[in-house]
Every structure is written in C-alpha cells, then in structure tokens.
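All remarks here apply to the structure that follows.
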Amino acid sequence: MEAFHPIVASWFEDAFEAPTEVQEQAWPCIQRGENTLIAAPTGAGKTLAAFLVAIDRLLRKTLSGALANETAVVYVSPLKALSTDVNVNLSVPLKGIQERVRTQGYSVVPIRTAVRTGDTSASERAAMLRKPPHVLVTTPESLYLLVTAKRSREMLQTVQTVIVDEIHAVLPSRRGAHLALTLERLAHVSRHPIQRIGLSATQRPVNTVASYLTGCEGNCTIVDLGHNRKMELALELPRSPLETIMAHEVWAEIYNRLAELVADYRTTLVFTSTRHLAERIARHLGERLGRDNVSAHHGSLAHARRRDAEDKLKRGELRVLVATASLELGIDIGSVDLVCQIGSPRSISTFLQRVGRAGHYIGGIAKGRLFPITREDLFECAALLDSVRNGALERVKPQENPIDVLAQQIVAEASAEDWQTDALYELLKRTWPYRNLSRKVFDATVAMAAQGFDTARGRRKGLLYYNAINGRISGRPAARLVALTSGGAIPDSAEYRVIMEPTGTSVGKVHEDFAVESFAGDVFQLGSSSWRILKVGSGVVRVEDAQGAPPTFPFWLGESNARSDELSRALSRFRAAINPYLDSRTNTSNWLEENKGLPGPAAVQIAEYLVASRELLGVLPLQEELVAERFFDDSGGDPTSDSCSVWSPRQSCLGPSIAQTSLSDI
C-alpha cells in the first residue's frame, strides 16, 4: 500500500484486513501504467484491484487542483445490470475516501461516476455531456455509440484508462470483434495513451485473451492466479430413477429437495438453462416456501423487476432466486450460501462461474449442487464434475474477421471523421480479431458500403463517399444515423412487451409466438407473478394482476446452449475409460464409485444406462467412433435389417444401406 496516497491507503486498511494476492500482484503493474490482464477466481478482489489505482490517480489530481470536468476512466461490462451494480459499489470507496479528504480540511472537486447503458434516460445522457463524469461505466454497445456520436466522441478524448470486466463473456462471439474495434477507435480518439485492464475468472488460454485486450501492437502483463477455488460440489438425485423424460412425480421430488436445501441456508441461487424453466421452478418453490420468499430473474423481465429481486436477495428478504444466465456474472447480490444448478449447464466455465456466486467473498467456499434431469444428463453431469476436479476449462475462441461487424464499424468511423483508406485499414488491423484482414476484403467491404445495393429504381442505401483514386472515405448524410440506430452485434429477438394496466408499468417481455397464440383472459406467469391478459396489440401485451390465479408459463425459442467442445471431449474420454468395465452392471458401478467418486445411486443408474446402451448398439459412441441410428416410417424400410451402423474416421462414408441417420454425441 506504500505506493498509494496516504488517504487511499488509510481507507483500505480500515475497510479490509489486508490486500488479496491478486491485488498485491496487480497493483504494481497497473501503477507502472502497464496494460494488465487479471485472471483470478471469483471473490478474489479483481474489480478493486483495477479501480483502486484509478481512484488514487484521480484523488491526487483533485488534491492538487488539477482534476477537470473530464472523463479519465471507462469501465466496460457485458451486462447492463453489472454496469449499474459496479457503479453502486464504486460509491463505497469513493464516499469513504472523500470523507477522509473533507476531515483533513481539503476543499476539492468530488470524483464523479455515471452509467451509460441502454437503460440510461435521455436527461441523464444530456447531463453527462454537459458535465462529463470522471469514471464512466458502460457496455460494449453503448461505448460504440459514444465513440460514434459527435459530442460524446469529444468527451472521450481525455480517457486514459479502460477496464474491461468479464472479458471472457464477449470474446467468443461477434460482440468480441465489435468491442475490439470499438476499443481501437477509442484509442484513436483519445489524446492520451490508453492503459487497458482486463478482468475475468474463467479464461483460457490467457495469452490469447491478453492479445485480444491490447491488440497486436500492445504489450500486456498477465496476472494469472488460475480459475480454481475451494468448492464443495455434489450430485443431487431424486428417489425415483431418472428416465429419458422427467415425469411430473419426479419433478415434484426435485422441487421438494430444493425446498429442503433452501430451508438449510440463508440465501440460495437456483440456475436453469431456460427462462420457461426458471418461471416454472419459481412457481413450485413459491408453493412450498411462500411466494414472498421466491422470485425469478432472467433477461425477459423488466430492469426494475430484476433490480428489485437482486436488492431483496441482498437484504435477506428472499430465500431463493431462480435465475438463468442473467445472474451468471459478477452482479452484487450479497452473500449467497448455496448454488443449485438444474440440468447440465453444457459448459465447464459456465458451471464454475455460476457455482462461484456462492461464498463470493475472500476465503469463501463455493457450495454447489447439481441436479440432473435425464439419464443422459446424469452422465454428462458426472463428466462435468470430473472435469472440474481435473482443473479443465474451455478454450476461448475469438471470432476472426466477421465482415458484418467490420462494415458496421467502418461506416460508424467514417461518419465521425474523414479517413484515408490506408490509415483506417491499419487502425482496424491493430485489433486481434482483424490482424489477418486482407486489403482485398477491406476494400471490398468499403466498396459495398459505398455502393449500396440495386433496386428497381437504381442503386440505393450507399452510406459512404469513396474516392478510390485518392484513397479517401467519408460518411454520407445518413451514415451516422444508421450507425447509431443499428449498432452492436446482439441479434434482435422477436418479443412483445408486457405492460401492466392501468399504471403502464413494464413487466417484461414474452416471445412473439407466445403472444400471438394468447387470448384476452389467459393467465400466465412472468417474474413469479400471475398476469391476466387484457389485450394483445401490436408488439404489446396489456395485462392486469391476476391475484395469484393458476397460470400457464410463457415460452421463448432458441434458449438452450450447445454443449462445449471441451465437455464433449470429456464425455468421450469418460466413455472410453469406462468401456472395459461394462461387462456387468456391478463392475461398472463399482468402477464409477472407486475412480470417479460418484455416490452409489448415481453410479448404479449410470452403469445401467451405459451397459444397456452398449448391449443395444454394440459400442459406445465416442468422438473417434460415431453411431448412426436408422429410423423407419410406416411406408418403407426393412425392420428386420440392422438398425444402426458404426463409423470411424478411417471410413469414407456411412455406407449405402443407411437411409435416414442421426449422429449421436458428436
């Protein structure tokens, strides 16, 4: 703490017993101005490790009278809720430090923070431009808008530090490429060299993440404390054997067991893969624990309702919160004692991130319970737990050269200022996702944005002026409006807003298919409350409080995630390892208990499932050996012929006898 100002050091020493290991390692690097990537488990103090140095720099400026009304620090979070949460948590050290400043007789400008996300009102945005915050908390999409719009672009000229939190959450998708280009555009706009700091609990390989963070021309110091932390994990099985589909009676056993676990702990988080299941579980737990003790939390709920649920859990007014990925990242919901995962999360890192929400404090133990919902899911959960014990983690695979994102950012930057094409090309190539961007593809993208497309009335929608002879591009009059209204890489979802009458309060959203199939008088659940439909209009479902009437549950399409490559390989290795012991169910279950540490009931069910599978198929599907099953309809096919075939990579095809096939467990 010697390198910090005495006021900052005294506040920290009063607030905490001692710096964490990640803070001790990261602070010197950040104080030297180095680009820094911090990889550490949840609850290790990463956020304060990044922010305290920035606060210290701002304090020194304000004490010397050099702190102007300008933005110096930008914090980028993948979630709007996390951005808001971090801004609230920032107020704690800032208030404590500024109180010490006042007690020592200083009269200084207070350090201001502000949030700029899609939930920020127009008046707040305007106030931000009139009096820029010293610390700006935002999301990747809002940062893109800020770099593109004229007045906010001027505001960002003074930025010196960028903190990218939960960096692993955006890296593998088009959002990652989009953010990389936005960060490079921000570096171009700023009059200062920008220090970049990345934070994440689950990232592998860290060298790739570091390269993504700083771009191809920046060096990065890596502070890597790994991703493992103390965990207490266990499988939870219903008394009835699992089948291919869960019966209502078996679901009732799971609800009862969840209620028992919730009763044993102060606060519990229950994670599911879909919003439909989150609402259903919240309903049944509410019947067992009292509706005031249970709430649902997912992305289709209105922001105010999500925030209310988070605050109630933090204050201890809720016993259990049933959530999807909306609470997966580091949103502050206070101390959570237990995390229950319903069904396989289909990813090792997702499971670690979710279980890491329990015991989310320094030295805390993360307690997690995994509830399989089918026989195949049980086997996948066993492989998942085995992977966690072995320290496995998914490899991050950033998308490279997505052309739609490239075109969007070219139009946005050209609408903000005129460019030489050579200079813009070099700027874009400094980002890691576009390091291999060819000049031919770049020129073709610029030409496409300039020429537009052909219609019956001629060529339309050209967004750029492109002088190929002099190598200059600039935005047409409509370019900036298109860039600002069509920004980002998050796909649009077809959803109807749910509005409560007569107050006009937003409840959340439902999928358009559910909305158009509903009628006035129908009752459905959203956010653990029942709503009666009054009218289904254009893009809006108007409802009233149904006073707890028995509801149906809305559905959303395309929710479940695919299984990750690493978990699929773990399943294949698990099958290959157990294959020699499948001569009897007893040998199989004994091997599972002795070598994989599975409880007896789980080992018996997996043994019965795998032995029966090999007896039926002849082999177990592996990544090196696929099983193609054949299905017959009523009009053809020979039911007496072989019903499955085996293929290995050494074979060139499945063979001419297979009419209809499905690949199992690729």
Item to check | Criterion side-chain hydrogen bond (donor to acceptor under 3.5 Å, both in side chains) on Glu310 and His297, from CA distance to verdict | outcome: CA-CA 8 Å; Glu310 295 161 15; His297 189 290; 2.8 Å; yes
Next on the checklist: Phe351 vs Phe271, test: ring-ring contact (aromatic ring centres under 6.0 Å, His included). Steps then yes/no.
Outcome noted: CA-CA 10 Å; Phe351 182 65; Phe271 280 104; 9.9 Å; no
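- Checked by atom type and distance alone, the side chain of Thr120 pairs as donor or acceptor with a backbone atom of Val115 at under 3.5 Å.
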Checklist entry - How far apart are the C-alpha atoms of Lys131 and Arg112, what are their side-chain angles, what is the distance that settles it, and do they pass the side chain to side chain contact (heavy atoms under 4.5 Å, CB included) test? => result CA-CA 10 Å; Lys131 194 173 185 180; Arg112 298 187 310 278; 3.6 Å; yes
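- Counting heavy atoms from C-beta outward, Tyr434 and Phe442 have side chains that stay 4.5 Å or more apart.
- Going from atom CD of Glu184 over to atom OG1 of Thr214 covers 9.0 Å, rounded to the nearest 0.5 Å.
- Within the 4.5 Å cutoff, the side chain of Leu183 has no heavy atoms near those of the Thr431 side chain.
- Using a distance-only test at 3.5 Å, with no hydrogens or angles considered, no donor-acceptor pair links the side chain of Asn390 to the main chain of Ala392.
- With hydrogens and angles disregarded, no donor-acceptor distance shorter than 3.5 Å links the side chain of Asn470 to the backbone of Arg472.
- Once rounded to the nearest 0.5 Å, the distance linking CG of Leu181 with CG of Leu427 reads 8.0 Å.
- For the pair Arg439 and Tyr425, the cation-pi test (distance below 6.0 Å, angle within 45°) is passed.
- Atom CZ of Arg185 is separated from atom CG of Leu428 by 9.5 Å, given to the nearest 0.5 angstrom.
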Checklist entry - What do the steps show when you test Phe51 against Trp27 for ring-ring contact (aromatic ring centres under 6.0 Å, His included), and what is the final call? => result CA-CA 10 Å; Phe51 267 119; Trp27 279 337; over 10 Å; no
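- Ser564 and Ser347 make their closest contact through OG-CA, 3.9 Å (heavy atoms, listed as atom of the first residue, atom of the second, distance).
- Taking both residues in full, the closest heavy atoms of Ala449 and Val411 are given as CB-CG2, 3.9 Å, listed atom of the first, atom of the second, then distance.
- Side-chain contact between Leu269 and Leu327 is present, with at least one heavy-atom pair separated by less than 4.5 Å.
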Next on the checklist: I'd like to know whether Gln408 forms a side-chain hydrogen bond (donor to acceptor under 3.5 Å, both in side chains) with His178, so could you lay out the CA-CA distance, the side-chain angles of the two residues, the decisive distance to 0.1 Å, and finally the verdict.
Outcome noted: CA-CA 9 Å; Gln408 182 184 134; His178 193 271; 2.8 Å; yes
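- Using a distance-only test at 3.5 Å, with no hydrogens or angles considered, a donor-acceptor pair links the side chain of Asn35 to the main chain of Arg196.
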Item to check | Stepwise side-chain hydrogen bond (donor to acceptor under 3.5 Å, both in side chains) test for Ser173 and Gln399 | outcome: CA-CA 6 Å; Ser173 67; Gln399 290 204 14; over 6 Å; no
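- The shortest side-chain heavy-atom distance between His298 and Thr274 does not fall under the 4.5 Å cut-off.
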Item to check | side chain to side chain contact (heavy atoms under 4.5 Å, CB included) between Ser415 and Thr148, worked out | outcome: CA-CA 8 Å; Ser415 71; Thr148 304; 3.9 Å; yes
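- The two residues Arg306 and Gly299 make their nearest non-hydrogen contact at NH1-O, 3.7 Å.
- Between the side chain of Ser64 and the main chain of Lys61, a donor-acceptor pair closer than 3.5 Å is present.
- Once rounded to the nearest 0.5 Å, the distance linking CD of Gln409 with CG of Leu179 reads 9.0 Å.
- Side-chain contact check for Gln160 versus Val73: every heavy-atom pair is 4.5 Å or farther apart.
- To the nearest 0.5 Å, atom OH of residue Tyr465 and atom CG of residue Asp418 are 11.0 Å apart.
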Item to check | Candidate pair Gln623 and Arg569, rule side-chain hydrogen bond (donor to acceptor under 3.5 Å, both in side chains), full reasoning | outcome: CA-CA 7 Å; Gln623 288 207 323; Arg569 281 192 283 270; 4.9 Å; no
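- Residues Ile111 and His134 come closest through the heavy atom pair CA-ND1, 3.6 Å.
- Formation of a donor-acceptor pair under 3.5 Å by the Gln23 side chain with backbone atoms of Gly45 is found in this model.
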Next on the checklist: side chain to side chain contact (heavy atoms under 4.5 Å, CB included), that's the test. Do Glu21 and Leu225 meet it? Break it down for me.
Outcome noted: CA-CA 8 Å; Glu21 183 180 359; Leu225 273 70; 3.7 Å; yes
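- Using bins of under 30°, 30° to 60° and over 60° for the plane-to-plane angle, the ring pair Trp11/Phe16 lands in the perpendicular bin.
- Between the side chain of Arg357 and the main chain of Arg354, no donor-acceptor pair closer than 3.5 Å is present.
- Inter-residue side-chain proximity for Ile490 and Glu141 is flagged as met; some heavy-atom pair is nearer than 4.5 Å.
- By the 4.0 Å N-to-carboxylate-O rule, Asp565 lies too far from Arg395 to be salt-bridged with it.
- Residues Ser344 and Leu567 meet the side-chain proximity criterion, which asks for heavy atoms closer than 4.5 Å.
- For Thr117 (side chain) and Thr138 (main-chain N/O), no donor-acceptor pair under 3.5 Å exists by modelled atom type.
- Using a 4.5 Å cut-off on side-chain heavy atoms (C-beta onward), Glu413 and Glu417 make contact.
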Next on the checklist: For Val76 and Thr139: C-alpha separation, side-chain torsions, deciding distance, then whether side chain to side chain contact (heavy atoms under 4.5 Å, CB included) applies.
Outcome noted: CA-CA 5 Å; Val76 185; Thr139 60; 5.7 Å; no
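- With rounding to the nearest 0.5 angstrom, the OG atom of Ser387 is 9.5 Å from the CD atom of Glu566.
- Under the 3.5 Å distance criterion, the side-chain polar atoms of Gln195 are matched with a main-chain donor or acceptor of Glu34.
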